[in-house]
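Every chain is numbered from 1, with letters handed out A, B, ... down the list of sequences.
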Amino acid sequence: MTVNEKNVKRTELGRLDRLYLVEVVKGLGITGGHFFRNLFLHTAHLFGLMKDRPAAVTIQYPEERRPIPVGYRGRHRLLLREDGSPKCVACMMCPTICPAQCIHIRAGESPDPAIEKYPVSFDIVVDRCVMCGFCVEACPVDAIRMDTGIVEMAEYDRKDFVDGRDYMLSQKPSDEEKKKGPPERKPPNELDKKNDEH
Amino acid sequence: MGTVIIFVKIFFMIGFLMTLGVLLTWVERKQSAVMQDRIGANRADIFGLRILGLFHPLADALKLLTKEDFIPPSGDRFVHTLAPFIAFTTALVGFAVIPFGPNVQFFGREISLQVADIHVGLLFIFVVTGLSVYGVILAGWSSANRFGLLGALRGAAQSISYEVSMALSVIGLLMIFGSLSLGEIARAQGELVWGLPRWGVLVQPLGCIIFFIAAIAETKRIPFDLPEGESEIVGFFVEYSGMKFGLLWIGEFVEIVVMSGLVATLFFGGWQVPYLGSGGFVFPFGLQIGLPPFLVVLMQVLAFMFKVVFFCWLQMLIRWTLPRLRYDQLMRLGWKVLLPLSLLNIVLTGLVLLFTGS
């Protein structure tokens, strides 16, 4: 095993450095410089000038929000078919793979003869969920995604953390996800071919 | 009549000190924020009005007043209550001998703009700052808390170490001005030497630096905040809550104001504005601007306040720039650097005075 080693050269303190006073004044210069620059910018902003140069890096959280990156896993949503019925076929792949065991599905017989089952109820206990995204990957019919961009989950009651089927069906993807467009997925047979080559 | 004037002056002084002390709690948060590219406290509002977070001191006071006043069961009830009052009073009282303006003629009376113009003013200040450490020691001891006691001991040791160099650093100044009265010292700094105002910083540059460092150490703030030592022992006020903690806290800020006033008075001319005499500006190259007396006094009082605010700002800047000293470094700086330097300063001043014969 090789250890990553790095030799740090320690500089000897010069005569001026050992006096500290000069270095202290230099440090005060740096912080004072920041102080006056930011004070000037804050004042300019009050009069509506130089708005393009920020005076602080603070994001004033509830009013301003940092954009959520594309692909960031948020609260789940269920997808619909073209005809408006849930895509989910209640195959139980997601509750099986879920490491937190927070997905509960009751399956019922689908009225469509081409489809075997549909979820009568589909509950996700969100405060148990570990946001691993395995359910999304396990789903064979792309019925569940985590692209709502809802990352702040706070409720007054535990039972409010249980997301029901209809709630999740009504959710929309976040604005960033919409801009990106639908995910590019290669047809499965092409993927298989690639796997065989290796 | 004399009593009334004294009370007016005390009222004015306490008003100035407390206002500045309370504002400093806001300044500390806002200035550090601006220095670190942040925005700082701006959420406290009254009917949606925020004015740069200026309501935060108000909100803090309300919070502190409504909090539980906890006294540790094994602590000393009486001393625990007494300590913050000692710390606060001694911090406040020091300002009594600092002049905030020249003597003024008012309805035929000569009034000195100074609460108590005692001729041992400087000694009085040292006595009071020396007493202020009792607040720290008693607070730490009466809490029956090991961390509190540690903080108190550190505070005592630090105070002893730095008071020595602090007192010795002004000896040179006393040799030059020949008076212990702060009013006298401030008046004497209005004279000129080589066309420049004879401020303490000009005639005693070394003494000024030593005094300023020792003054910061006396206020027990970073880089000398070992009695507090927030990250390791929380400090001598661990067991304090509510307004008693508030008193210790405000006392610290008032102490900053007093130290700023002291540095301004001793080394930066007090209420003197450069080249401003009682009749107006008199510049050494011949230019003269006559001003009415009340305007001169107003300018001088404002100049003193400006200097005090400036030094408060400078102490804040230092507090938010430098890291804390280690304990052995603190002691080494106090005993091995500042003390010999202040002694050297005395010798040098004596030699210069001997050879110039003034």
Side-chain angles (χ1 to χ4, degrees), chain A residues 6 8-69 150-156, chain B residues 27-45 48 50-54 205-214 216-217 221-224 309-326 329-330 332-334 336-338 340-341 344:
Chain A
K6 196 177 175 188
V8 181
K9 250 188 211 162
R10 303 219 178 260
T11 44
E12 283 282 308
L13 290 183
R15 216 167 278 155
L16 266 181
D17 299 333
R18 221 169 302 152
L19 199 59
Y20 288 116
L21 214 59
V22 182
E23 294 300 309
V24 164
V25 172
K26 269 190 201 167
L28 290 179
I30 290 172
T31 49
H34 272 260
F35 176 79
F36 282 115
R37 195 201 65 197
N38 292 334
L39 197 67
F40 171 72
L41 286 174
H42 276 304
T43 320
H45 290 181
L46 274 184
F47 294 103
L49 301 164
M50 304 177 78
K51 285 275 191 191
D52 52 323
R53 290 189 63 190
V57 294
T58 313
I59 294 174
Q60 299 266 317
Y61 164 59
E63 293 103 37
E64 294 170 40
R65 273 154 209 265
R66 186 188 286 275
I68 293 168
I150 304 173
V151 290
E152 299 127 325
M153 288 168 220
E155 307 284 354
Y156 284 102
Chain B
V27 168
E28 167 135 277
R29 303 167 85 172
K30 270 315 216 199
Q31 187 182 338
S32 63
V34 174
M35 278 165 65
Q36 297 168 351
D37 301 350
R38 295 183 286 115
I39 288 178
N42 62 354
R43 292 284 147 167
D45 66 287
R50 284 179 173 174
I51 25 174
L52 303 171
L54 262 174
L206 186 59
C208 177
I209 293 169
I210 296 169
F211 185 85
F212 193 54
I213 294 172
I216 295 172
R221 284 163 65 78
I222 290 171
F224 303 101
V309 170
F310 171 78
F311 281 107
C312 291
W313 174 83
L314 188 63
Q315 287 189 50
M316 291 283 175
L317 192 73
I318 290 171
R319 186 246 176 276
W320 287 98
T321 300
L322 300 180
R324 188 188 333 149
L325 291 175
R326 220 190 312 132
Q329 292 170 332
L330 175 93
R332 198 186 310 146
L333 179 68
K336 286 185 165 175
V337 180
L338 291 187
L341 275 180
L344 179 75

If you define the side chain from C-beta out and look only at heavy atoms, does anything of B:L344 sit under 4.5 Å from B:L341?
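Yes. Closest side-chain heavy atoms under 4.5 Å.
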
Inset, instruction - Would you mind telling me which of B:I318, B:I213, B:I39 has the largest number of heavy-atom pairs within less than 4.5 Å of chain A? - result: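 Most heavy-atom pairs within the cutoff with chain A belong to B:I39.
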
Legend entry - Portion of B:L317 that has a non-hydrogen atom of chain A nearer than 4.5 angstrom: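 When you check distances to chain A, atoms from both the backbone and side chain of B:L317 fall under 4.5 Å.
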
Quick one: pull up [atom1] in [X] and [atom2] in [Y] and give me the separation to the nearest 0.5 Å.
X: A:L41; Y: A:L49; atom1: CG; atom2: CG; result: 10.5 Å
X: A:I30; Y: B:M35; atom1: CD1; atom2: CE; result: 11.0 Å
X: B:I216; Y: B:F311; atom1: CD1; atom2: CZ; result: 10.5 Å

* At a heavy-atom separation under 4.5 Å, does A:L21 approach chain B through its side chain, its backbone, both, or neither? ->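 Looking at A:L21, just its side chain touches chain B.
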
*asked:* Using every non-hydrogen atom in the two residues, find where B:P223 and B:P323 come nearest and quote the distance to one decimal.
replied: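 Minimum heavy-atom separation between B:P223 and B:P323: CB-O, 3.3 Å.
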
Quiz prompt | Residue pair A:F35 / B:V34: nearest heavy atoms and the distance that separates them | solution =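 Heavy atoms only, the tightest pair is O-CG1, 3.4 Å.
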
Donor-acceptor pairs, chain A vs chain B, cutoff 3.5 Å:
| unit_1 | atom_1 | unit_2 | atom_2 | d |
| --- | --- | --- | --- | --- |
| A:T31 | OG1 | B:T321 | OG1 | 2.7 |
| A:H34 | ND1 | B:D37 | OD1 | 3.1 |
| A:N38 | ND2 | B:V34 | O | 2.6 |
| A:N38 | ND2 | B:D37 | OD1 | 2.6 |
| A:V57 | N | B:D37 | O | 2.9 |
| A:T58 | OG1 | B:I39 | N | 3.2 |
| A:Q60 | OE1 | B:N42 | ND2 | 3.3 |
| A:Q60 | OE1 | B:R43 | NH2 | 2.6 |
| A:E63 | OE1 | B:R43 | NH2 | 3.2 |
| A:E63 | OE2 | B:R43 | NH1 | 3.1 |

